[in-house]
Amino acid sequence: LYLRVSYFSHATTKALAAALSAAAADPGVAGVVHDQRNDPGGVFEEAIADAAMLIGDADAPVAATVRSPAGGVDAVWRGSALPGDIFTPAATRAAAPVGSGAPAGIRAGGVPPLAERPVAVLLNRSSASASELLAVALRDNARSAAAARQRWEQQQQQQQQQFAGAAAAGALGSSSSSNADPPAEAPPVVPRVALIGERTFGKGVVQFFFPLGDDAGRSGGVSPAGRGSTAPQPFPSSSPLVASGGGLRITVAKYLGPHGTDVARDGGLVPDLRCGDYPHGVFSARGGTADACVVQAMNFINQQQQGQQGA
């Protein structure tokens, strides 16, 4: 599934939900290529919703915001905490289908999770703000899930060895087996993620945008990284700023990734796999010219799928 995102808006979130719903029901979809090259950002809350859907967990931490100069976190953002007009309020936890052999998953916003399928996020030096937020959220959650899964598998292996040793010694009777601790529940599966491309721009901030014009007081503003609000007109309509569609942008916070990654301080996100190519026109899975980065992303997904099948 190839998705090209040029800006995070409510239309982007709706399109992503529809695409993921269709892909989740298609066993032929091996993974997701989320192309965010040249994406300057978008609405902060929409990026939170999109990340939660791709992770497949409405309650997963997506970002934390810092408003105080002292650096304390004032809010942790999750898909389940967003308003219903952004993120479908019907986010529910749901066990994997009976007999599937898969651990419990989470349905985010009513969208079936693609938790077992890898995600390749394409980025370049012009990917900024909300683009970086989604990328770091996916990578941090994937790393946390991988660590949790590894710990769970080690615990299961240790339990099996203990039971086998007790049985061999003749000490595992009916009473002891009935009192044995139940196996730990498997942690939710989260997509395996790779960031592919160039180091990103490094704009890890939340801003409000106030348009300056005759209709500014009626329409309000939408920020490249946060929701705007109406504001009084500070300049006359004859002002060059107003005539040219100008506006006032105010930075109100910076955001951190789930693991505390400070995108602004670090000067952007460093990709897992480097690629410097650029989008060549319009590409889809059914046709078009795939540039080198798209090819690299598809190779990553195929390798992950083959590794899963061989496991």
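All of these numbers come straight from a predicted model, not from anything done at the bench.
Hydrophobic clustering of Ile, Leu, Val, Met, Phe, Trp and Tyr side chains at less than 4.5 Å, counting indirect connections, unites Val32 with Leu16. Note on Val136 and Val73: separate hydrophobic clusters, where clusters join Ile, Leu, Val, Met, Phe, Trp and Tyr whose side-chain heavy atoms are under 4.5 Å apart, directly or indirectly. By the rule that hydrophobic residues join a cluster once side-chain heavy atoms approach within less than 4.5 Å of another member, Ile196 and Phe201 end up as members of separate clusters. Both Ile48 and Val193 belong to a common hydrophobic cluster when Ile, Leu, Val, Met, Phe, Trp and Tyr are linked at side-chain heavy-atom distances under 4.5 angstrom. Leu123 and Leu1 end up in the same hydrophobic cluster when Ile, Leu, Val, Met, Phe, Trp and Tyr side chains are linked at under 4.5 Å.
A search for side-chain contact (heavy atoms from CB on, under 4.5 Å) contacts involving Ala47 returns Phe8, Ala130, Leu133, not counting sequence neighbours. Listed by chain and residue number, Cys275, Asp277 satisfy the side-chain contact (heavy atoms from CB on, under 4.5 Å) test with Ala292 (two or more places apart in sequence, or in another chain).
Two residues are said to be in side-chain contact when any heavy atoms from C-beta on lie closer than 4.5 Å; His10 and Val43 fail this criterion. For the pair Val5 and His34, the minimum side-chain heavy-atom distance is below 4.5 Å. Counting only heavy atoms from C-beta outward, the side chains of Tyr7 and Thr12 never approach each other to under 4.5 Å. By the 4.5 Å heavy-atom criterion applied to side chains, Asp291 and Tyr278 are not counted as neighbours. Counting heavy atoms from C-beta on, the side chains of Thr65 and Val252 never come closer than 4.5 Å. Looking at Asp57 and Asn141, their side chains never come closer than 4.5 Å, going by heavy atoms from C-beta outward. Using a 4.5 Å cut-off on side-chain heavy atoms (C-beta onward), Ile86 and Glu46 make contact. Residues Pro271 and Thr200 fail the side-chain proximity criterion, which asks for heavy atoms closer than 4.5 Å.
Distance alone, capped at 3.5 Å, is enough to place a donor-acceptor pair between the Asp272 side chain and the Leu195 backbone.
Once rounded to the nearest 0.5 Å, the distance linking CG of Asp39 with CD of Glu132 reads 10.0 Å. Here the straight-line distance linking atom CZ of Arg37 with atom OG of Ser6 works out to 13.0 Å at 0.5 Å rounding. Taking CD of Glu45 as the reference point, atom OG1 of Thr13 lies at 10.0 Å (rounded to 0.5 Å). The line from CD1 of Ile301 to CD of Gln305 is 9.0 Å long, rounded to the nearest 0.5 Å. Expressed to the nearest 0.5 Å, how far CZ of Arg249 lies from CZ of Phe210 amounts to 12.0 Å. Interatomic distance, CG of Asn38 versus CG of Leu122, reported as 11.0 Å (0.5 Å rounding).
Pairs of residues two or more places apart, or lying in two chains, that qualify as salt bridge (Lys or Arg N to Asp or Glu O under 4.0 Å) and include a residue from residues 61-71 are Arg67-Asp74.
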side-chain contact (heavy atoms from CB on, under 4.5 Å) between Thr261 and Leu269, intermediate numbers included: CA-CA 9 Å; Thr261 304; Leu269 295 172; 4.2 Å; yes

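Using cut-offs of 30° and 60° on the angle between ring planes, the pair Phe44 and Trp77 is perpendicular.
The heavy-atom pair separating Gly31 from Arg117 by the smallest distance is CA-CB, 4.0 Å. Residues Ala137 and Ala51 share a closest heavy-atom pair of CB-CB, 4.2 Å. Nearest heavy atom pair, residue Ala52 against residue Gly79, reads CB-CA, 3.9 Å. Considering all non-hydrogen atoms of both residues, His259 and Arg143 come closest at CE1-CB, 4.1 Å.
Other residues, nucleotides and ligands place more than 12 heavy atoms under 6.0 Å from the CZ atom of Arg199.
Ionic pairing of Asp59 and Arg78 is not present here: no N-O contact between side-chain nitrogen and carboxylate oxygen is shorter than 4.0 angstrom.
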